[in-house]
Amino acid sequence: MIPDDQVEEVRTRADIVEIIGEVVALKKSGREYAGLCPFHEEKSPSFSVNPTKGVYHCFGCGASGDVFRFVRERQGLDFVEAVKYVAARAGVAVREVRAGQQGEDDPLRPLHEANAFARQWFRDRLLDPAVGAPARTYLRERGIDESTAERFGLGFAPDEWRALREAAAHHGMAPELLLEAGLLTTSENSPDPYDRFRARVVFPIEAVGGRTVAFGGRTLGPGGPGQPKYLNSPETPVYHKGEVLFGLHAARQAIRREEVVLVVEGYMDVVALASAGFENVVAALGTAFTEAQARLLRRYTSRALLLFDSDRAGLKATFRAGDELLAQGVHPSVVTLPAGEDPDTLVRSGGAAALKEFLEGAVDILDRKIQILEQHDYFSTLDRKRDAVDRLLPTLRAVTDPALRDIYVDRVAEKTRVNRATLEEELARARSQPAGRSEPKPARRPPTGSRRDPVGAMGPEAALLRVLARDRQRRHTLLELALERVGPEDFKDSHNRAIFQTFLDDPELEAPPAEMDARSADRLAVLLAQPPEEERLAHGQREFTAAVALIEGRRLGAEIDELQRRIEASSDQEEKLRLIQEKKRLSEERSARGHGAGGEYARRLARGHHPQD
């Protein structure tokens, strides 16, 4: 049996429209949803679902009940099995116990409790009259009103190293639990855990069922060296970022009501648009849009508007998301905003009306691809038309709606002057490859006869880039870890800096981009050409950690030296005191990070010596 309180929790959290909508094509009718009854044959809809009451009823055959009854009737399950099925869909962990006995608690419950505690603690810090004042001012300046901040549960992490850890300890939560939940972190040579989020507005990340599973943090300013603007929780047993969409729990009903979802890039875009009256908005979570995220959206709508950046990386993300959505039966269109604008800045400067104008001008995903190819003169010669076909094929391959597929094939045939039958043959060949994948382009090689390895002496910058190039599977994760400590501006070598920025722009790249300068491209090509052998990857984790620590330590050391120079040069006692305090803060940060005790391996890395691979 399942305890009654858990059954009620599942019933409350369950989305009956979503679950029944997977079986019945439901259309909104007033406050309810209507469709053809799944329990008897009929031609006119007589089946009604009331999401407010959580019940369904057929006026034709009399079938009625709650979400558990529907699952039992449709799938032939008993009550306990039906509750488990619905609980899994609602993101609720349930435990089954024998009659008269106390069952084992859910093994993930401590993580959920830690996240719930942290959410409330961050929220209380934001509302604290003194502590939260800077964050509340920042939110007001960004156009986020109090009701929107409350709706999303926004909080604030004060600029303290162990404030959350100490507060949690008073409630019996061990540091090991908070580490597993991603709320604390450590550095290589400072194993004592400290708060991951500091001096940031905090955005709770909720699963579809409403449970807080992770957090995102945004600095109150533009960010800086070693301080990324956005910081996200790592993956944990309760959080897999490719399976969650920020804002979906709050936006579900609005998406159904509007029959379209707006997909943006970041937390602030979601919150800012909600504050401006757009409630049907979600964002991916610092990763390429995934099949699982597309499936989530398909539960609520068949249309999506993509509002990503218009730069090269943003367009690549747009088209990848579009193909994933098409594969799941969601029709995507692209919203192109003015250069330098994002949804947040647009609604702050021009209000909701400014964004609505661009939403109304959204262009079908295939047409947008064709527009861009036209802008780059891809239809002018035979060779470039061949390349254009290759760039359009992934979208033709992704679309699953038969009618839309025919329209797309005709459109490409018309534009490229390639016979439709030839396109169909190309698609047939493409389907032999795994969905969403294309043949990797060969890495660009340096000119033959080059006597010098373009990578040069392997200092910490090149060592970090080497690990990123080899470990393709974990490149997303490694970049996120690196950004917690260093940024492109921390690379002294301009070519290394360009390569690191290219990885940030496109973590899945397999060859240097065409617009990259020749020397940087040659250096990147050599790095990408190295095989990702398992023993090299194992060694790379240590190499990565040491390289990041050295680059960060180098920056902190330079900043401390500069402060010391200014202290010695200053004759203003008040300014000197301020500089001394800032130097002390940086020295404490350096100490907390564990710099200065990097071990023999780190020292050898700093001198440019490396173990043989």
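Hydrogens, waters and symmetry mates play no part in the numbers below; they use all other heavy atoms, side chains included.
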- Task: Kindly indicate whether the side chain of Val202, heavy atoms from C-beta on, has any atom under 4.5 Å from the side chain of Leu126.
- Result: no
- Query: Can you find a heavy atom in the side chain of Thr502 that is under 4.5 Å from one in the side chain of Pro513?
  - Reply: yes
- Query: Counting distance only, does the side-chain N/O of Thr400 pair as donor-acceptor with the main-chain N or O of Leu326 below 3.5 Å?
  - Reply: yes
- Task: Give the intermediate values and the outcome of side chain to side chain contact (heavy atoms under 4.5 Å, CB included) for residues Phe319 and Ile372.
- Result: CA-CA 12 Å; Phe319 295 132; Ile372 293 172; 3.6 Å; yes
- Query: Considering only heavy atoms from C-beta outward, does the side chain of Leu184 approach that of Thr186 to under 4.5 Å?
  - Reply: no
- Query: So, does Arg475 use its side chain to make a donor-acceptor pair with the main chain of Leu468 at under 3.5 Å?
  - Reply: yes
- Task: Could you verify whether a donor N or O on one side chain and an acceptor N or O on the other, from Gln501 and Asp505, lie under 3.5 Å apart?
- Result: yes
- Give the minimum heavy-atom separation between Glu279 and Arg257, together with the two atoms involved. OE1-NH2, 3.4 Å
- Does Arg200 reach the main-chain N or O of Lys229 with its side chain, forming a donor-acceptor pair under 3.5 Å? yes
- Query: Is any NZ, NE, NH1 or NH2 atom of the basic residue among Lys356 and Glu360 found under 4.0 Å from an Asp or Glu carboxylate oxygen of the other?
  - Reply: no
- Message: Set out, in order, the CA-CA distance, both residues' side-chain angles and the distance that settles side chain to side chain contact (heavy atoms under 4.5 Å, CB included) for Phe308 and Leu315, then state yes or no.
- Response: CA-CA 7 Å; Phe308 294 175; Leu315 287 172; over 6 Å; no
- Are Val363 and Thr336 side-chain neighbours, meaning at least one heavy-atom pair lies under 4.5 Å? no
- Message: To the closest 0.5 Å, what do you measure between NE2 (His249) and CZ (Phe152)?
- Response: 11.0 Å
- Ser349 and Glu341: which non-hydrogen atoms are nearest, and at how many Å? OG-OE2, 4.3 Å
- Note, Leu524 side chain near Phe503 side chain (heavy atom, < 4.5 Å): yes
- Checking side chain to side chain donor-acceptor pair (under 3.5 Å) for the pair Arg151/Thr148: CA distance, chi angles, key distance, verdict? CA-CA 5 Å; Arg151 173 188 173 192; Thr148 302; over 6 Å; no
- Between Ala251 and Val281, the two heavy atoms sitting closest are CB-O, 3.7 Å
- Message: Do Glu243 and Leu296 have side chains that approach each other closer than 4.5 Å (heavy atoms only, starting at C-beta)?
- Response: no
- Message: My understanding is that only one of Asp471, Val548, Leu483 makes a side-chain contact (heavy atoms from CB on, under 4.5 Å) with Leu478; could you say which?
- Response: Asp471
- Query: Going by an N to O cut-off under 4.0 Å, is there a salt bridge joining Arg320 and Glu508?
  - Reply: yes
- Message: side chain to side chain contact (heavy atoms under 4.5 Å, CB included) for Leu245 and Phe289? Distances and angles first, verdict last.
- Response: CA-CA 9 Å; Leu245 285 163; Phe289 199 86; 4.0 Å; yes
- Task: Using modelled atom types only, decide if a donor and an acceptor are shared between the side chain of Asn280 and the backbone of Val260 within a distance under 3.5 Å.
- Result: yes
- Which value, rounded to the nearest 0.5 Å, describes the distance between Glu265 atom CD and Asp342 atom CG? 8.5 Å
- Item | Any donor-acceptor N/O pair, Arg196 side chain to Gly182 backbone, under 3.5 Å | yes
- Message: Can you confirm whether Leu262 sits close enough to Leu359 that some side-chain heavy atom of one is under 4.5 Å from a side-chain heavy atom of the other?
- Response: yes
- Would you say the side-chain atoms of Asp195 pair up with the backbone N or O of Arg165, donor to acceptor, closer than 3.5 Å? yes
- Query: Can you list the steps and then say if Tyr239 with Asn232 is a side chain to side chain donor-acceptor pair (under 3.5 Å)?
  - Reply: CA-CA 11 Å; Tyr239 174 55; Asn232 304 317; over 6 Å; no
- Message: On a heavy-atom basis, which atom in Ile144 and which in Ala149 lie closest, and how many Å separate them?
- Response: CG2-N, 4.2 Å
- Residue from Glu258, Arg256, Glu18, Glu259 passing side-chain hydrogen bond (donor to acceptor under 3.5 Å, both in side chains) with Tyr300: Glu18
- Does NZ belonging to Lys27 count more than 12 external heavy atoms closer than 6.0 Å? no
- 4.5 Å side-chain heavy-atom contact, Leu154 and Leu139: yes
- Task: Look only at the side chain of Arg497 and the backbone of Glu489, and say whether a donor-acceptor pair between them is shorter than 3.5 Å.
- Result: no
- Task: Report, as yes or no, whether the 6.0 Å neighbourhood of atom CD on Gln371 holds more than 12 heavy atoms from other residues, nucleotides or ligands.
- Result: yes
- Task: Please check if the side chain of Ser275 supplies one atom and the backbone of Val271 the other of a donor-acceptor pair under 3.5 Å.
- Result: no
- Message: For Trp121, is there any backbone N or O sitting under 3.5 Å from a side-chain donor or acceptor partner on Arg125?
- Response: yes
- Message: Within this structure, what is the CG-CG distance for the pair Leu337 and Leu307, rounded to the nearest 0.5 Å?
- Response: 5.5 Å
- Message: Would you compute the distance between atom CG of Leu220 and atom CZ of Arg218 and round it to the nearest 0.5 angstrom?
- Response: 8.5 Å
- Message: Quick check on ring-ring contact (aromatic ring centres under 6.0 Å, His included): which of Phe215, Phe203, Phe156, Phe117 does Phe122 satisfy it with?
- Response: Phe215
- Message: Would you compute the distance between atom CD1 of Ile19 and atom CG of Asp15 and round it to the nearest 0.5 angstrom?
- Response: 7.0 Å
Can you list, pair by pair, the side-chain donor-acceptor contacts under 3.5 Å of residues 167-181, counting residues two or more places apart and other chains?
none

- Message: Hydrogens and angles aside, do Thr345 and Arg348 bring a side-chain donor and acceptor to less than 3.5 Å of each other?
- Response: no
- Task: Measure across Val263 and Ala304 and return the closest heavy-atom pair with its distance rounded to 0.1 Å.
- Result: CG2-CB, 4.5 Å
- Query: For the side chain of Glu206 and the backbone of Val213, is there at least one donor-acceptor N/O pair under 3.5 Å apart?
  - Reply: no
- Message: Please evaluate residues Leu183 and Asn115 with respect to the criterion side chain to side chain contact (heavy atoms under 4.5 Å, CB included), reporting the C-alpha separation (whole Å), side-chain torsions for both, the decisive distance (0.1 Å), and the verdict.
- Response: CA-CA 8 Å; Leu183 294 164; Asn115 284 328; 4.1 Å; yes
- Task: Would you name the heavy atoms of Pro204 and Gly153 that are closest together and state the gap between them?
- Result: CG-O, 3.1 Å
- Query: Roughly how far, to the nearest 0.5 Å, is CG of Leu297 from CD1 of Ile255?
  - Reply: 6.0 Å
- Message: Apply side chain to side chain donor-acceptor pair (under 3.5 Å) to residues Arg123 and Gln120 and explain how you reach the verdict.
- Response: CA-CA 5 Å; Arg123 181 73 182 151; Gln120 188 59 51; over 6 Å; no
